[in-house]
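Below is one structure; the comments refer to it alone.
Just so it is clear: chains get the letters A, B, ... in the order the sequence lines come, proteins before strands, and each one is counted from 1.
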2 protein chains.
Amino acid sequence: MVTKQLLKDLPEDADLRRADSLAREIFSDVANKWALLIIEALGERTLRFSELRNEVEGVSHKMLTQNLRMLERNGLVDRKAHPTVPPRVEYTLTDPGRALRTAVDVICGWTQQHLGHIESARGRFDA
Amino acid sequence: MVTKQLLKDLPEDADLRRADSLAREIFSDVANKWALLIIEALGERTLRFSELRNEVEGVSHKMLTQNLRMLERNGLVDRKAHPTVPPRVEYTLTDPGRALRTAVDVICGWTQQHLGHIESARGRFDA
DNA sequence: CAGCATCCACCTCGATACTG
DNA sequence: CAGTATCGAGGTGGATGCTG
């Protein structure tokens, strides 16, 4: 990513710049702890707000709302509000959301796999 | 990841909890904008501090130092200081670092691929 | 139950200045 | 050049209370 700006003063210039800054923005949105944990928690399931709150350990009400809004805005999760009382709101990953989840899975797998290496690296560094 | 705590009062209990909290810690370290951008910028190359500063657009001196220390501590980058004057310090991804980079690549690819979808999703949401 | 608004303690981050 | 320390503005995120 982060398309190198090699062209100069060409018509596409502005468009490329815009696409690049958009990409950076999306990357910043998505490359954060809570967003990734929410995506991972959702997986293939459809979860209510309160269920999600329980699944994503340690997330506050506020952070969950905030990140869900952001993910919804970027078209990564689908929000379905049922007009019942009490309210019932369900969240599901969209196709792009599911696609991104594979990347999150890789990170999670990587974390598990290298726990040992990291722990010993820390031991060495802290000494 | 985030191993479900299903066992109760067993000997392994403590160990599992520790591994889990360690995993969370690492995930938090790694799932942040600058760390991922630094890993992506390094790639297969060996770069000096100042080169890295140029490659990772928008990173401040402080953030770069801070994240490099963290990555070094976790054994993701290798730091090699040459005792010359002026100083010359080179950074390279370790094997685990390179492994994680494949995940970053997936995220970057995903970002590029879904730019259009995301932009239109935003348009819809903001309306 | 889900969501929004408010308040505020804390911490992140950039700027700056200084060392080896 | 690389790194550390300091400081201050601004952002982050938790707690709380209120709405439909």
Side-chain angles (χ1 to χ4, degrees), chain A residues 21 24-39 41-42 45-74 76-93 125-127, chain B residues 21 24-39 41-42 45-74 76-93 125-127:
Chain A
S21 85
R24 294 183 154 282
E25 206 178 314
I26 294 168
F27 192 89
S28 301
D29 273 359
V30 145
N32 92 63
K33 183 183 169 185
W34 293 128
L36 295 183
L37 286 177
I38 289 169
I39 289 170
L42 269 176
R45 300 179 292 175
T46 291
L47 294 178
R48 301 183 56 173
F49 182 87
S50 47
E51 291 170 334
L52 213 34
R53 185 141 166 47
N54 292 330
E55 292 291 327
V56 182
E57 193 178 308
V59 72
S60 69
H61 186 119
K62 186 180 178 181
M63 281 300 96
L64 186 54
T65 313
Q66 226 171 67
N67 279 275
L68 281 173
R69 284 298 154 278
M70 179 274 284
L71 291 172
E72 186 193 355
R73 183 169 114 92
N74 288 326
L76 300 196
V77 305
D78 185 45
R79 177 179 185 279
K80 183 154 196 171
H82 297 79
T84 60
V85 44
R88 179 188 186 83
V89 183
E90 296 179 326
Y91 294 92
T92 318
L93 286 184
F125 185 93
D126 294 344
Chain B
S21 86
R24 292 180 156 283
E25 206 178 314
I26 295 168
F27 192 89
S28 301
D29 273 359
V30 145
N32 93 62
K33 185 184 168 181
W34 293 128
L36 295 182
L37 287 176
I38 289 170
I39 289 170
L42 271 176
R45 301 179 291 175
T46 292
L47 295 178
R48 304 183 52 173
F49 182 87
S50 47
E51 292 170 333
L52 214 34
R53 184 141 165 50
N54 292 331
E55 291 290 327
V56 182
E57 192 179 309
V59 73
S60 69
H61 186 117
K62 185 180 180 180
M63 281 302 95
L64 186 54
T65 312
Q66 228 170 65
N67 278 277
L68 281 173
R69 284 298 155 276
M70 180 273 285
L71 291 173
E72 186 194 356
R73 182 169 116 91
N74 289 325
L76 301 197
V77 306
D78 185 47
R79 177 178 184 279
K80 184 154 198 170
H82 297 81
T84 59
V85 45
R88 178 186 188 82
V89 184
E90 295 179 326
Y91 294 93
T92 318
L93 287 184
F125 185 92
D126 294 344

Are any non-hydrogen side-chain atoms of B:Leu52 and B:Leu68 less than 4.5 angstrom apart?
-> yes
Mind checking whether B:Asn32 and B:Met70 have side chains closer than 4.5 Å, heavy atoms only?
-> yes
Salt bridge (Lys or Arg N to Asp or Glu O under 4.0 Å) assessment of A:Arg45 paired with A:Glu51 = CA-CA 11 Å; A:Arg45 300 179 292 175; A:Glu51 291 170 334; over 6 Å; no
For the pair made of CE in A:Met63 and P in C:dG3, what is the distance, rounded to whole Å?
-> 14 Å
Measure from the side-chain heavy atoms of B:Thr65 and tell me the nearest of D:dT4, C:dG3, D:dC1.
-> D:dT4
Atom NZ of B:Lys62 and atom C1' of C:dC13: how far apart are they, to the nearest Å?
-> 5 Å
Closest heavy-atom contact between B:Glu55 and B:Ala41?
-> CB-CB, 4.2 Å
Would you tell me if any nitrogen or oxygen in the side chain of A:Tyr91 comes within less than 4.0 Å of OP1 or OP2 on C:dG3?
-> yes
Taking only N and O in the side chain of A:Arg69, is any of them less than 4.0 Å away from OP1 or OP2 of C:dG3?
-> yes
Separation of D:dT12 atom P from A:Leu64 atom CG, nearest Å, is 17 Å
Checking D:dC1, D:dG13, D:dG3 against the side chain of B:Val89 (C-beta onward), the nearest is D:dG3
Separation of A:Asn32 atom CG from C:dC13 atom C1', in whole Å?
-> 17 Å
From the candidates C:dG14, D:dG13, C:dA2, the one with an atom nearest any side-chain atom of A:Gln66 is D:dG13
Closest to the side chain of B:Phe49, out of D:dG3, C:dA15, C:dA2, is D:dG3
Distance from A:Asp29 atom CG to A:Asn74 atom CG, nearest 0.5 Å?
-> 5.0 Å
Taking only N and O in the side chain of B:Ser50, is any of them less than 4.0 Å away from OP1 or OP2 of D:dA2?
-> yes
Taking only the side-chain heavy atoms of A:His61 (C-beta and beyond), determine which of D:dG14, C:dG3, C:dC13 contains the nearest atom.
-> C:dG3
Axis-to-axis angle across the helix from C:dC1-D:dG20 to C:dG20-D:dC1, five pairs each end, nearest 10 degrees, ~ 40°
Regarding the side chain of A:Pro87, the nearest nucleotide among C:dA15, C:dA2, D:dA2 is C:dA2
B:Arg48 vs D:dC1: side-chain N/O to OP1/OP2 distance below 4.0 Å | no
Atom CG of B:Asn67 and atom P of C:dT12: how far apart are they, to the nearest Å?
-> 11 Å
Of all the heavy-atom pairs spanning B:Leu64 and B:Phe49, show the shortest one and how long it is.
-> CD2-O, 3.7 Å
Interatomic distance, B:Lys33 NZ vs C:dC13 P [rounded to whole Å] = 9 Å
Rounded to the nearest angstrom, tell me the gap between atom CZ in B:Arg79 and atom C1' in D:dG3.
-> 8 Å
Would a 4.5 Å heavy-atom cut-off, applied to side chains only, mark A:Leu36 and B:Phe27 as touching?
-> yes
Can you check the B:Glu90 CD to D:dG3 C1' distance for me, whole Å?
-> 17 Å
Which value, rounded to the nearest 0.5 Å, describes the distance between B:Glu90 atom CD and B:Asp78 atom CG?
-> 10.0 Å
